[in-house]
Amino acid sequence: MDGALNYLIILLVLVNFLALGSSQIGIVIRLSAIQGFLLGLMPLFMEGWGEIHIPLLCLAIIAIKGLLIPSLLFKAMRDVKIRREVEPLLGFIPSMLLGALGTVLGLVFSNHLPLLPLHKEFLILPGSFSTILTGFIMLTTRHKAITQVVGFLILENGIFVFALLLLQTMPFLAEIGVLLDLFVCIFVLGIILNHIQKAFSSLDSNKLTSLKD
Amino acid sequence: MILNAVIHVSMVLFLSPLLLGVINKTKAFVAGRVGPPLFQAYCDLAKLFRKGMVLSRTTSWMFLAGPWVGWVSVFAASLVVPLGHHRAPLAFQGDMIFLAYVLALGRFFTASAALDTGSSFEGMGAAREVSFSSFAEPALFFGFMALARLSQTYSLSEMVLGENFKVGPEKIASLILVTIAWFIVLLAENSRIPFDDPNTHLELTMVHEVMVLDHSGPALGLILHGASMKLLLMGALVMDVAFPWDPSGLADWFMFILEMALLAVLIGVVESFMARLRLKFVPNLLVSACLLSAFGFILLVR
């Protein structure tokens with residue numbers, strides 16, 4: 001059981017690298033959906049999931065992060081008719097290398113944190129740092145607004161992995177609340193994307209800086 | 001011990017062209033063709049060694065040194081690679097570094113011979129080959145570092161002995177990562193499809209084939225045989241990590257042959273279902289291989 005969670009986290013980190021290295025927006029959205037599935041499986045492999053609310057939570061995560069939000073993003077992508085991220089601020093290889101560096105630093109850093117002995121052997125902290133940093137890199141270096149939304153989603157996935165440490169004490173209501181917030185947020189962002197596309201005929205967020213009233 | 005060494009060397013020398021045959025048969029099967037016979041590579045080699053050579057007047061001794069040094073270096077490298085967990089004929093501490101750089105030496109001479117022809121076309125191929133292999137080398141070395149960390153030794157033969165792989169489930173993840181990374185390196189180093197198409201000639205996008213365009217006859221035969229030996233030895237590295245069971249005398253040699261056939265079929269399937277990458281994206285894939293094996297190493301160090 002202990003090994004399985006680590007495998008899931010390793011897969012999560014590999015998906016991070018892939019997401020940093022691919023230029024097609026469709027692939028990046030699919031990768032974030034895969035991350036949603038992985039996140040939904042993770043709580044099952046933590047200790048003490050006998051409580052009834054945790055399987056429910058897993059189902060909710062898979063449904064929202066793995067299916068609902070990606071389908072929303074796909075719809076947004078079709079509406080704005082953008083397929084590729086061309087020439088990001090930081091190239092694909094440098095951003096992959098930066099993500100790898102972040103993973104290494106996360107591993108080093110998490111060895112120095114005062115964790116519970118229960119959590120010591122898990123890769124939860126490094127995986128979470130790596131995912132947060134991946135989301136951050138995507139948010140800051142990509143030009144297209146839709147990739148930035150995916151970056152935000154990946155960043156939130158990282159925070160969720162971090163929250164696995166608090167699984168036992170985290171109330172059901174709070175988790176569901178966070179998921180709902182995220183869903184509404186992506187929903188609103190999808191609508192905003194459409195409006196940006198209509199108003200400026202481009203999703204390049206750099207052009208938004210020259211906004212005038 | 002001596003028997004094993006004899007089997008090792010004869011397998012490297014005589015079995016390796018069969019791998020090309022298996023790959024081509026697999027590709028033909030997937031495409032629904034009959035394809036060349038399984039032993040086509042042997043026939044090609046026999047034909048080439050009986051032919052004469054055409055030498056350009058602009059070339060120097062370097063042009064002939066290229067194929068020779070290339071062949072000898074691959075053969076020397078194959079002596080330190082354990083085939084199927086049997087101890088290699090040559091094993092010493094640090095032979096993984098010997099392996100990597102003796103292969104690099106052969107590549108240096110092949111590239112120099114290509115430059116020696118004075119053709120700008122061949123120079124382009126040499127530049128590509130050298131720059132791609134510089135991306136592939138870190139992936140190979142991170143894998144070596146992971147294995148060295150796991151087995152506490154710097155000798156390839158001791159690294160892949162079965163007992164070093166009897167490790168906890170969390171170590172297996174990094175072995176899988178190294179295997180995938182090395183498979184990508186194998187495809188790149190042997191100029192297989194996502195990186196280079198072994199079937200095309202006279203195209204502006206090719207990498208390895210363009211360097212040997214001016215060689216003919218026995219020199220080309222040496223190059224072909226060297227390439228097939230290189231495929232065998234890189235494949236042995238990948239398969240040793242992928243299938244960690246103990247050596248058990250002669251039966252293990254048959255296991256090894258089966259493993260290599262499996263690998264050849266796998267390469268054939270990859271070649272059938274993938275198109276060649278655009279040159280721009282080749283470094284991306286190689287850097288991902290580096291990241292995979294580096295990640296595998298880091299997981300072990302933690």
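Below, chains carry the letters A, B, ... as their sequence lines are ordered, and counting in each starts from 1. Because the structure is a prediction, the values reported are computed rather than measured.
- Among residue pairs with one or both ends in residues 176-195 of chain B, those qualifying as salt bridge (Lys or Arg N to Asp or Glu O under 4.0 Å) are B:Arg107-B:Glu189, B:Glu189-B:Lys230, B:Arg192-B:Glu271; sequence neighbours excluded.
- The aromatic rings of B:Phe297 and B:Phe142 are tilted relative to each other, their planes meeting at an angle between 30° and 60°.
- Within residues 129-141 of chain A, no residue approaches chain B closer than 4.5 Å by heavy atoms.
- Contacts between A:Val108 and chain B at a heavy-atom distance below 4.5 Å are absent for every atom of the residue.
- In terms of heavy atoms, B:Ser293 sits closest to B:Ala139 at OG-O, 3.0 Å.
- A side-chain contact (heavy atoms from CB on, under 4.5 Å) with B:Val22 is found for exactly one of B:Val265, B:Ile267, B:Leu263, namely B:Val265.
- Counting non-hydrogen atoms of other residues, nucleotides and ligands closer than 6.0 Å to CZ of B:Phe141 gives a total above 12.
- The two residues B:Met159 and B:Met96 come nearest to each other via the heavy atoms CE-SD, 3.3 Å.
- In this structure, B:Tyr154 places its OH atom where only 12 or fewer heavy-atom neighbours from other residues, nucleotides or ligands lie under 6.0 Å away.
- Proximity to chain A (any heavy atom under 4.5 Å) is shown, for B:Ile176, by neither the backbone nor the side chain.
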